Amino acid sequence: MYVIMGATGNIGSKLANILLDKDEKVIVIGRSAERLRPFVDHGAEAAVGDISDAEFLTHVFKGADAVFAMIPPNYTTDNVRGFYNEIGANIVKAIQESGVEHVLFLSSHGAHLAENTGPIKGLHDVEQQLNELDDVNVLYLRPTYFMENLLANVGMIKNMGIIGSEIKGDVKFSMIATQDIALVAADHLIKRDFSGKSVHELLGERDVSLQEVTKIFGGEIGKPDLNYIQLSSEDAKKGMMESGLSDDVSDQLLELGQAITSGIIAVNQPRTAENTTDTSIEEFAEFFAQVYKNS
Ligand SMILES: NC(=O)c1ccc[n+]([C@@H]2O[C@H](COP(=O)([O-])OP(=O)(O)OC[C@H]3O[C@@H](n4cnc5c(N)ncnc54)[C@H](OP(=O)(O)O)[C@@H]3O)[C@@H](O)[C@H]2O)c1
């Protein structure tokens with residue numbers, strides 16, 4: 001039996017469905033029975049609760065063959081790193097008290113670094129917390145930038161006629177579709193082919209710049225002249241705060257953008273078949289265009 005945290009999210013939802021399609025026994029965690037209902041209809045058991053409650057997590061983890069653990073983004077916290085550490089401590093406590101032996105933790109590209117990576121610093125800290133667990137096998141899945149992040153540009157194209165962020169437009173970096181992350185996660189959970197503490201980096205299909213992404217998306221939505229604009233830190237932060245992000249979340253995302261631009265979170269490992277995944281940005285552009293047309 002597998003326990004999936006964040007089961008209504010980008011990765012958890014796809015992972016739960018992949019496992020359920022294989023007739024695996026799955027418990028899905030989320031705060032709303034209604035949002036979990038599609039998984040229950042697909043054969044899962046729902047555990048409705050809040051992961052800020054370590055006792056709830058412990059109860060759900062008990063008896064699991066493996067757990068998919070993740071820290072949800074919190075867009076309103078005034079201390080991003082503190083939030084990651086707090087939820088990380090709950091996960092560690094629940095692993096210890098439930099006795100689960102295999103944990104796949106959704107970490108990130110760049111989590112080997114302790115500073116200057118924005119929210120990823122929090123994932124670095126949680127990896128250190130999990131490293132303290134004796135006799136628990138933990139695989140740190142470290143995917144790169146999710147292609148799904150790019151969906152936030154739908155509103156910007158509609159309102160301002162551009163794609164823009166603080167990241168420099170011609171810097172190529174790796175991007176990955178969350179379906180591809182979920183496929184790799186499902187394979188590791190089923191095989192439980194990890195022991196001790198280990199890392200699997202995932203780099204997506206190829207490195208691509210935001211200028212290239214903008215051309216590809218523009219072509220797909222019938223706007224071939226769509227431009228990418230690198231925003232100043234001030235303008236980027238103003239936009240983030242106007243969309244409801246807290247001051248600290250905005251600062252951390254700016255720091256992450258700077259880390260991508262400067263290349264400091266460039267991957268640790270060379271590209272191999274093991275860390276390269278299938279979905280190209282051109283394939284993702286078809287999904288982007290559907291979301292664009294329906295919004
Ligand atoms: N975006 C990137 O490029 C990127 C790259 C590498 C790593 N990451 C990491 O990936 C993680 C995010 O993964 P994701 O995109 O799959 O997440 P997501 O789509 O934002 O989903 C978050 C999930 O967490 C659940 N959740 C939120 N707060 C909860 C709470 N208090 N109690 C119980 N459940 C709660 C939500 O369910 P309900 O709302 O239904 O409760 C939802 O299922 C983050 O740790 C991020 O740092 C992101």
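Hydrogens, waters and symmetry mates are skipped; everything else that's a heavy atom, side chains included, is used. FYI, the numbering just counts along the sequence from 1. Each ligand, and each atom within it, is numbered from 1 in the order the structure gives. The model shown is predicted, which means the values in this text are computed figures rather than measured ones.
- Contact residues of ligand 1 (protein heavy atom closer than 4.0 angstrom to a ligand atom; sorted by chain and number): Gly6, Ala7, Thr8, Gly9, Asn10, Ile11, Gly30, Arg31, Arg35, Gly49, Asp50, Ile51, Met70, Ile71, Pro72, Pro73, Tyr84, Leu106, Ser107, Ser108, Leu123, Pro143, Thr144, Tyr145, Phe146, Asn149.
- A salt bridge links Asp170 to Lys168: at least one charged side-chain nitrogen sits closer than 4.0 Å to a carboxylate oxygen.
- Looking only at atom types and distance, the side chain of Asp50 has a donor-acceptor partner in the side chain of Ser52 under 3.5 Å away.
- Using cut-offs of 30° and 60° on the angle between ring planes, the pair Phe194 and His188 is perpendicular.
- One N or O on the side chain of Lys197 and one on the backbone of Val136 form a donor-acceptor pair closer than 3.5 Å.
- Looking at residues two or more places apart in sequence or on another chain, you find a salt bridge (charged side-chain N to carboxylate O under 4.0 Å, His left out) between Glu212 and Lys172.
- Between the side chains of Glu148 and Thr178, at least one donor-acceptor pair of N or O atoms lies under 3.5 Å.
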